[in-house]
Each structure stands twice: as C-alpha cells, then as structure tokens.
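Inspection log for the structure reproduced underneath, given as structure tokens.
Quick note on labels: first sequence line is chain A, next is B, and so on, each numbered from 1. Since we're looking at a predicted model, the values are computed, not measured. Computed from heavy atoms alone, side chains included, the values below leave out hydrogens, waters and symmetry copies.
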Number of protein chains: 2
Amino acid sequence: MTQPRWLDSGEMAAWNAFLEASHRVGRRVEHQLREQEGLSHPQYEILVWLAEAPGQEVRMTELATQLVTSKSGVTYQIGKLEKAGLVRRRSCPGDDRGVFAVLTEQGLEKLRRAAPGHLEAVRSSLIDLLTPGQLEALSDSLNAVNRGLGSAD
Amino acid sequence: MTQPRWLDSGEMAAWNAFLEASHRVGRRVEHQLREQEGLSHPQYEILVWLAEAPGQEVRMTELATQLVTSKSGVTYQIGKLEKAGLVRRRSCPGDDRGVFAVLTEQGLEKLRRAAPGHLEAVRSSLIDLLTPGQLEALSDSLNAVNRGLGSAD
DNA sequence: ACCGGGTTGTTCAAATTCGAACAACCGCTA
DNA sequence: TAGCGGTTGTTCGAATTTGAACAACCCGGT
C-alpha cells in the first residue's frame with residue numbers, strides 16, 4: 001500500500017451522489033413493485049430476462065450472472081416464482097447438472113400486467129428527472145463503468 | 001392509468017446501465033470493506049457521517065434519513081457498532097425520546113484505518129473508470145435525480 | 001475406462017433488511 | 001393540567017441475501 005489516494009471534493013461529491021441515487025431509486029422501484037404488483041424487484045428482473053431470452057428460458061447460473069447476484073439467491077427466487085406458478089424448472093438436455101428456468105404463460109401474463117406500473121416508477125424515479133442530454137451522459141458514464149467492471153470480476 | 005408510457009431504447013439502456021452499475025459497484029465496495037476491514041458498507045457509512053458531524057454525534061432518525069434506510073436498520077447497525085466499541089449511545093438532553101449515536105475514539109481510529117482501502121475500492125470501481133468529463137456529467141445527472149427524489153419521499 | 005480439475009445447482013446457517021406495532025415522549029391547545 | 005396528534009427509537013416476525021460446503025456431473029488427457 002503506497003500513499004492513500006484521497007478523493008477531491010468533486011470526486012467525493014460524485015461518489016456520494018451515486019450512493020444516494022442508488023438507494024433512493026432502488027427503494028422507490030422496489031416499493032412500487034411490492035405494493036402494486038406483489039413482486040420483488042429481483043423477481044421482476046428475472047421475469048424480464050426470461051421473457052427476452054430465446055425459448056423464454058435461461059440457465060440458473062447465467063441468470064445469476066446477468067442479475068449480478070449470487071447463485072443461491074437465484075435458487076431462492078426461482079423457488080418463489082415457481083410456487084407462484086410464474087416460472088417452472090426444466091432439466092437441461094445434455095447436461096444433467098443444468099437447470100433451465102422457464103417462463104410460464106402465467107408468468108408472461110404477470111409481467112405484462114406489471115410492466116406499465118413498473119415503467120412508470122422508473123420514469124418518475126429516474127428518466128423524467130433528467131434532460132435528454134443528461135440521460136445520455138448518464139448512460140455513457142455508467143456503460144463505461146460496467147465495461148470496466150464486467151471483465152475484472 | 002392512461003396509456004402505458006414505454007421507454008425507448010435509449011431510456012431502457014440507461015435504466016439497465018443504472019441497475020447494473022448499482023449492483024456491480026455496490027458489490028465490490030461491500031466486499032472490500034467486509035474482507036479487508038470487517039465492516040459492512042452501512043456500518044462504514046455510519047462512521048463517516050458521525051465523523052463529519054459536529055460533536056461526532058447524530059440522532060438516530062437523522063442517521064436513517066441521511067443513509068436513506070429504515071429506522072430499524074439504524075437501530076440494528078448501531079447496536080453492532082456499539083458492541084464493537086466504535087460507537088456509543090447518548091441520551092438526548094431536552095428530549096427523552098431522542099438518542100444520539102456518538103463516534104468513540106476507537107471508532108475514529110477504525111475509520112482512519114479503513115478509509116484508504118475503501119477509497120481505493122471506490123476509485124477502482126467508479127472514479128478511475130471515467131474521464132473527468134464523464135465523472136462530472138455523472139455527478140450532475142445524479143444530483144438532479146437526488147434533488148427530484150429528495151422532496152417527494 | 002479412469003482420474004482430476006472445474007462447473008452446476010442446492011442446502012444450510014448466519015447476517016441483514018424491512019415495516020408494522022408499540023410505548024414513551026413532545027408540544028400545543030383548550 | 002388534561003388531552004391529542006405527531007415524533008422517536010425499539011422490538012418483533014417475516015423475507016431476503018450471502019458464502020461456504022456439498023453432491024452430482026462434465027470433460028479432457030492418459
């Protein structure tokens with residue numbers, strides 16, 4: 001460890017803004033989904049990823065990677081969604097270890113019903129608070145961050 | 001509810017980038033603190049807020065507001081920090097309901113030791129991945145978001 | 001066919017988070 | 001001073017998350 005590399009006031013402000021925004025936005029989105037749709041945000045995200053995947057199915061580990069969460073977390077949430085009939089499990093042909101999470105018809109229906117309210121929450125919590133230029137700049141910056149962190153896990 | 005206001009591809013990309021960055025950055029920072037300093041991120045944040053406050057003390061509810069978390073969450077974490085000797089509680093003169101969380105000498109020491117590694121993690125997870133221009137743009141955008149959400153809780 | 005290293009998904013215990021409920025208290029008003 | 005709406009911090013149970021440990025499996029080299 002060499003000299004500590006402190007953050008200047010601008011860098012610190014950016015970090016604090018990032019932290020605060022993460023919490024505030026995450027909180028609002030989770031509340032909306034929970035109260036109006038009876039879904040947690042992780043659950044909703046799973047439904048989205050499944051709906052967009054070919055065959056509406058994704059392997060458990062790939063789901064964990066995409067959602068940036070733990071494997072056990074995915075096991076837990078898929079269990080919940082399965083009990084609710086929104087998702088089912090399918091063993092993976094050609095790999096006895098593998099498990100596909102598959103979106104059910106009910107799951108797709110649930111997603112369709114939940115989407116408008118969720119998107120409205122995303123708008124009011126983030127999108128509509130920014131000018132088009134700000135939004136684009138935000139997107140660019142965060143994409144750079146994600147590119148930087150995606151490789152070095 | 002009127003017509004659903006869908007997100008265009010740019011808006012959706014921004015939202016996904018925000019979600020992914022929140023998870024990736026939060027995860028890295030939490031890991032670093034946990035592994036190298038034995039602190040959770042919420043705990044570290046509490047120490048920072050206390051250190052910066054006049055008298056190194058903050059009321060419980062104010063702490064919850066600043067950290068954008070729940071009151072019971074603060075009660076829990078302060079309990080942990082108190083057991084570790086990093087924080088102590090002080091009843092609030094003039095308001096028997098009130099409780100101050102006070103940073104101890106040990107707590108300040110802990111913060112001083114933990115800060116360099118934490119800041120290095122913040123750098124490698126966010127700051128150093130962006131150009132100065134990108135960082136400023138990010139800061140501006142997120143500040144706008146926080147201003148928008150700060151009032152309408 | 002058989003190892004040996006790597007992968008996959010689950011289980012488990014521990015830690016954390018949240019909101020609702022609660023008791024105690026504050027300040028203001030009649 | 002008695003009452004009442006609002007605030008404060010804690011407690012409680014339920015839900016969620018995590019990593020480590022694990023059993024089962026895959027695959028390439030021998």
Side-chain angles (χ1 to χ4, degrees), chain A residues 19 22-24 26-46 57-84 87-102 153, chain B residues 19 22-24 26-46 57-84 87-102 153:
Chain A
L19 268 190
S22 294
H23 289 143
R24 285 200 194 282
R27 218 157 224 282
R28 283 175 59 99
V29 169
E30 275 153 25
H31 274 133
Q32 184 276 326
L33 277 173
R34 180 65 74 191
E35 318 259 296
Q36 296 184 13
E37 317 290 350
L39 286 173
S40 69
H41 189 211
Q43 285 168 354
Y44 181 89
E45 282 302 308
I46 288 177
E57 61 182 8
V58 179
R59 288 284 291 274
M60 298 296 277
T61 294
E62 192 187 345
L63 218 35
T65 301
Q66 289 167 335
L67 301 183
V68 192
T69 187
S70 64
K71 288 183 300 173
S72 49
V74 172
T75 295
Y76 176 80
Q77 290 296 353
I78 290 293
K80 288 259 146 183
L81 291 170
E82 199 171 24
K83 272 185 222 159
V87 159
R88 65 183 176 82
R89 280 181 221 247
R90 185 169 81 86
S91 67
C92 174
D95 189 341
D96 288 351
R97 298 166 304 175
V99 173
F100 278 111
V102 190
D153 247 0
Chain B
L19 268 190
S22 294
H23 288 144
R24 285 200 194 282
R27 215 155 228 280
R28 284 175 57 97
V29 169
E30 275 153 28
H31 275 134
Q32 184 276 327
L33 277 173
R34 179 66 74 192
E35 317 260 297
Q36 296 184 12
E37 317 290 350
L39 285 173
S40 70
H41 191 211
Q43 285 169 354
Y44 181 88
E45 282 302 308
I46 288 176
E57 59 181 12
V58 180
R59 287 283 292 271
M60 299 295 277
T61 293
E62 193 188 343
L63 218 35
T65 301
Q66 290 167 334
L67 301 182
V68 191
T69 188
S70 65
K71 287 184 299 173
S72 48
V74 172
T75 295
Y76 176 79
Q77 290 297 353
I78 290 292
K80 289 259 147 184
L81 291 170
E82 198 171 25
K83 273 185 219 159
V87 158
R88 66 184 175 81
R89 280 180 220 249
R90 185 169 80 87
S91 67
C92 174
D95 188 340
D96 288 353
R97 299 167 303 176
V99 172
F100 278 110
V102 190
D153 247 1

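Between B:R88 and B:E82 there is no salt bridge, since no side-chain N of the basic residue sits under 4.0 Å from a carboxylate O of the acidic one.
The heavy-atom pair separating B:H23 from A:L67 by the smallest distance is ND1-O, 3.7 Å. Looking at every heavy atom in both residues, B:T75 comes nearest to B:M60 through CA-CE, 3.9 Å. The minimum heavy-atom distance linking B:S70 with A:R27 is given by the pair N-NH2, 3.4 Å. Shortest non-hydrogen contact noted between A:L33 and A:S40 is CD1-O, 4.3 Å.
Regarding A:E45, its CD atom lies at a distance of 17 Å from the C1' atom of D:dT17, rounded to whole Å. Atom OH in B:Y76 sits about 18 Å away from atom P in D:dT16, given to the nearest Å. Between A:E30 atom CD and D:dT17 atom P the separation is 9 Å, expressed in whole Å.
A:Q77 is linked by a side chain to side chain donor-acceptor pair (under 3.5 Å) to A:Q43, counting only residues two or more places apart in sequence or in another chain.
Protein chain B contacts DNA chain C over a range whose 5' and 3' limits, counting nucleotides with an atom under 4.0 angstrom from a non-hydrogen atom, are C:dA15 to C:dC26.
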When you compare the protein's N or O atoms with those of nucleotides 24-28 of chain D, which come within less than 3.5 Å of each other, and at what distance?
| unit_1 | atom_1 | unit_2 | atom_2 | d |
| --- | --- | --- | --- | --- |
| D:dC25 | O2 | A:R97 | NH1 | 3.4 |
| D:dC26 | OP1 | A:D96 | N | 3.0 |

All N/O contacts under 3.5 Å from nucleotides 19-21 of chain D to the protein, with atom names and distances to one decimal?
| unit_1 | atom_1 | unit_2 | atom_2 | d |
| --- | --- | --- | --- | --- |
| D:dG19 | OP1 | B:H31 | NE2 | 2.5 |
| D:dG19 | N7 | A:S72 | OG | 3.2 |
| D:dG19 | O6 | A:S72 | OG | 2.8 |

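At least one side-chain heavy atom of B:F100 sits less than 4.5 Å from a side-chain heavy atom of B:P93. Taking 4.5 Å as the limit, every side-chain heavy atom of A:K80 sits out of range of all side-chain heavy atoms of A:V87. B:E37 is listed as a side-chain neighbour of B:Q32, based on a closest heavy-atom distance under 4.5 Å. When side chains are defined from C-beta on, A:V74 does not count as touching A:T61, because their heavy atoms never get closer than 4.5 Å. Under the 4.5 Å side-chain criterion, counting only non-hydrogen atoms from C-beta, B:R89 is not in contact with B:V102.
In this structure, B:T69 contributes its side chain and B:T65 its backbone to no donor-acceptor pair below 3.5 Å.
Across the helix from C:dA1-D:dT30 to C:dA30-D:dT1, the helix axis at one end is tilted relative to the axis at the other end by 10° (nearest 10 degrees, each axis from five pairs).
Within the structure, salt bridge (Lys or Arg N to Asp or Glu O under 4.0 Å) contacts touching residues 57-66 of chain A (residues at least two apart or in different chains) are A:E57-A:R90, A:R59-A:D95.
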